[in-house]
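We're numbering straight along the sequence, starting at 1. Because the structure is predicted, anything quoted here is derived from the model rather than measured.
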Amino acid sequence: MSVLLEMKNIHKTFPGVKALDNVQLNVRAGEVHILLGENGAGKSTLMKILAGVYQADKGTIYIEGKQVDIKSPKDAQKHGIGIIFQEFNLIPHLSVAENIFFGRVPRFLSSIVNRKKLFEDTTRILNELQLDISPKTLVKDLGVAEQQMVEIAKAFSINSKILIMDEPTAALTEQEIDKLFERIHDLKKKGVGIIYISHRLEEFARIADRVTIMRDGRYVTTVDFDKSSIDELIGLMVGRSLEDKFPKDTTIKKGREILRVENLSTKDKLKKVSFSLHAGEILGISGLMGSGRTELARAIFGADPISEGQIYIDGEKVKINSPREAIERGISYLSEDRKKNGVALNLSIRENITMANLKVISSGGVINQKHEINTVEEFIKNLNIKTPSMEQKVKFLSGGNQQKVIIAKWLHTKAKIFIFDEPTRGIDVGAKIEVYQLINKLAREGNAVIIISSEMPEILGLSDRILVMNDGKCTAILDRKEATQEKVMYYATTGQ
């Protein structure tokens with residue numbers, strides 16, 4: 001295969017941080033080239049340089065043997081480079097069609113938008129991806145997974161010869177991933193070079209040709225995937241071996257019933273869902289996109305109104321009409337979209353950790369700064385949050401450290417029921433294990449934990465029981481010993 005892309009001796013420095021130090025990458029036509037590394041390794045920075053979002057301080061880029069100068073995303077598009085960003089790059093108040101063809105909408109006489117052709121072209125792309133989404137739907141009305149598929153459709157619409165996919169499956173179900181991988185294989189046959197970034201290492205066997213590994217902003221090596229094991233790749237990526245990917249603590253004793261939900265229903269989605277949750281227990285919730293997993297969490301947390309059913313906490317029937325009331329009852333909810341609903345990105349670590357329970361560090365409406373600093377320092381130490389200072393803005397942290405800040409925030413509220421919605425989405429394998437260890441620690445200390453995840457190994461590896469959902473209903477509750485991927489998928493897909 002011919003070399004499609006070469007990036008040589010790429011350097012990039014941000015204020016106080018050397019993000020890339022003499023990095024190289026070469027991609028062949030018709031291959032899927034995995035770019036692998038922990039959060040903070042420099043993968044996304046390297047790809048943003050290729051996509052014209054950043055400019056390198058030093059280094060050269062060649063496309064099909066010719067040196068190119070990419071100063072903007074428009075330059076990248078002209079050179080046939082498309083990118084699916086890890087962070088959504090969509091405009092919420094525009095339609096799906098307007099987002100996919102933003103800046104390239106078909107027009108009559110260069111002024112009037114040809115809406116008929118716009119919707120036809122969009123429908124064709126959506127059909128290729130087997131997406132049941134109307135081109136006229138506003139992006140703000142779509143769920144996270146559907147928005148991710150629109151990002152993918154947008155990248156495909158450019159007819160790129162180099163396509164960058166940065167965590168494209170993070171929000172997708174198994175069925176949607178299958179559709180995406182079918183499209184990837186089609187693109188390979190057409191000679192497109194695909195750069196693929198993902199922390200889901202189990203995906204690589206289905207698509208990968210070669211792997212380039214980065215660590216701490218530096219190039220480590222490039223290897224053929226079929227000549228390497230996953231454990232070898234992890235060792236190269238993190239600089240250490242990781243023996244147990246799902247460190248489930250099976251010695252934790254189940255205690256009293258903390259939460260009981262009876263016949264919980266909402267107007268639009270949930271249909272008589274019932275389950276119980278005990279101290280020291282981790283309950284996994286599994287189901288396909290649209291099954292009602294997140295809606296169940298939001299209803300318990302008071303974010304969505306309940307139309308029918310009861311919630312009991314420590315045996316007491318409670319009414320929860322808002323997140324504030326849920327917090328007062330000891331319930332915490334770590335949203336699937338941490339950047340939108342979990343953290344205040346422009347505030348510091350200190351402010352994020354204490355914001356949900358200021359009364360603990362205040363007296364007479366005035367914050368006790370010494371108490372606040374001591375509290376935050378303890379959380380940073382105990383949760384191993386990697387930061388130069390508690391005053392660091394959260395937006396500059398890696399995904400794994402952002403997740404730890406959210407966990408610290410809820411620990412500070414003295415919560416006893418923790419609901420984790422996609423707790424490891426978009427974070428690397430090393431950070432995932434740290435999050436799993438924190439979840440086990442919460443259970444060991446007598447808290448009750450709910451995990452919602454699209455990653456089947458995560459659900460099977462961590463849960464004591466698994467509640468399976470289909471179309472807003474609970475179709476099964478499986479004990480850890482009897483649960484298998486096949487059983488979970490059967491109940492998730494058949495609704496029986």
Donor-acceptor contact below 3.5 Å, side chain Glu458 vs main chain Glu455: no
Stepwise side chain to side chain contact (heavy atoms under 4.5 Å, CB included) test for Ile327 and Tyr333: CA-CA 9 Å; Ile327 293 168; Tyr333 175 44; over 6 Å; no
From Lys395 atom NZ to Leu345 atom CG, the distance as rounded to the nearest 0.5 Å: 8.0 Å
Test: Glu120 and Arg124 ion pair at under 4.0 Å: no
Salt-bridge present (Lys416, Asp314; N to O < 4.0 Å): yes
Under 3.5 Å donor-acceptor, Asn447 side chain and Ile417 backbone: no
Residues Ile125, Phe101; criterion side chain to side chain contact (heavy atoms under 4.5 Å, CB included); working and verdict: CA-CA 11 Å; Ile125 292 165; Phe101 286 97; 3.6 Å; yes
Under 3.5 Å donor-acceptor, Asp464 side chain and Ile282 backbone: yes
Gln485 side chain vs Pro457 backbone, donor-acceptor pair below 3.5 Å: no
Distance, nearest 0.5 Å, that separates CD1 of Ile385 from CG of Leu397: 8.0 Å
Charged N-O contact under 4.0 Å between Glu445 and Lys441: yes
Residue pair Ser453, Phe420: steps toward the side chain to side chain contact (heavy atoms under 4.5 Å, CB included) verdict: CA-CA 8 Å; Ser453 178; Phe420 290 83; over 6 Å; no
Heavy-atom side-chain contact between Met237 and Arg215 under 4.5 Å: no
Side-chain touch Tyr436/Leu462, heavy atoms, less than 4.5 angstrom: yes
Close side-chain approach of Leu283 and Val449, heavy atoms under 4.5 Å: no
Minimum-distance pair of heavy atoms, taken over all atoms of Val273 and Val261: O-CG1, 3.4 Å
Tyr196 and His33, any side-chain heavy atoms less than 4.5 Å apart: no
Validation: residues 131-143 side-chain donor-acceptor distances under 3.5 Å, sequence neighbours left out:
{"unit_1": "Ser134", "atom_1": "OG", "unit_2": "Lys136", "atom_2": "N", "d": "3.1"}
{"unit_1": "Thr137", "atom_1": "OG1", "unit_2": "Ser134", "atom_2": "O", "d": "3.3"}

Shortest non-hydrogen contact from Ser454 toward Glu422: OG-OE2, 2.6 Å
Among Ile300, Ile450, Val318, Ile311, the one residue meeting side chain to side chain contact (heavy atoms under 4.5 Å, CB included) with Ile331: Ile300
Straight-line distance of Ile195 CD1 to Ile84 CD1, nearest 0.5 Å: 12.0 Å
Least distance between heavy atoms, Ile477 atom then Cys474 atom: CG1-SG, 3.8 Å
Stepwise side chain to side chain donor-acceptor pair (under 3.5 Å) check, Glu351 with Ser348: CA-CA 5 Å; Glu351 292 165 313; Ser348 68; 3.1 Å; yes
Student check: side-chain heavy atoms of Glu203 and Ile177 closer than 4.5 Å: yes
Asn99 side chain to Ser95 backbone, donor-acceptor under 3.5 Å: yes
Side-chain donor or acceptor of Arg206 paired with backbone N/O of Phe181 under 3.5 Å: no
Closest non-hydrogen atom pair, Leu270 against Gly292: CD2-O, 3.6 Å
Student check: side-chain heavy atoms of Ile349 and Glu391 closer than 4.5 Å: no
Side-chain donor or acceptor of Arg293 paired with backbone N/O of Gly287 under 3.5 Å: yes
Reported CG-to-CD1 distance for the pair Leu478 and Ile459, which is rounded to 0.5 angstrom: 11.0 Å
Distance-only side-chain donor-acceptor flag, Asp304 / Thr266, under 3.5 Å: no
Carboxylate-amine/guanidinium contact Arg260 Glu257, below 4.0 Å: yes
Lys272 vs Lys473 side-chain heavy atoms within contact, under 4.5 Å: no
Side-chain ion pair, Glu308 and Lys271, N-O less than 4.0 Å: no
Cationic N near anionic O, under 4.0 Å, Glu98 to Arg115: yes
Sidechain N-carboxylate O distance under 4.0 Å for Lys43, Asp166: no
Shortest non-hydrogen separation from Leu163 to Ile83 and the atoms involved: CD1-N, 4.3 Å
Ile439/Ile451 under side chain to side chain contact (heavy atoms under 4.5 Å, CB included): CA gap, chis, key distance, verdict: CA-CA 9 Å; Ile439 289 171; Ile451 298 175; 4.0 Å; yes
Lys253/Glu281 ion pair, N-O < 4.0 Å: no
Pairwise distance OG(Ser276) to OH(Tyr312) - rounded to 0.5 angstrom: 13.0 Å
Greater than 12 external heavy atoms within 6.0 Å of Glu482's CD: yes
Side-chain donor or acceptor of Ser307 paired with backbone N/O of Ser265 under 3.5 Å: yes
Donor-acceptor contact below 3.5 Å, side chain Asn470 vs main chain Ala492: yes
Residue pair Glu378 / Thr375, side-chain heavy-atom distance below 4.5 Å: no
Value rounded to 0.5 Å, distance of NZ in Lys487 from OG1 in Thr484: 6.0 Å
Flag, side chain of Thr387 to backbone of Met390, donor-acceptor distance under 3.5 Å: no
Taking every non-hydrogen atom, the tightest pair across Lys154 and Ile100: CG-O, 3.7 Å
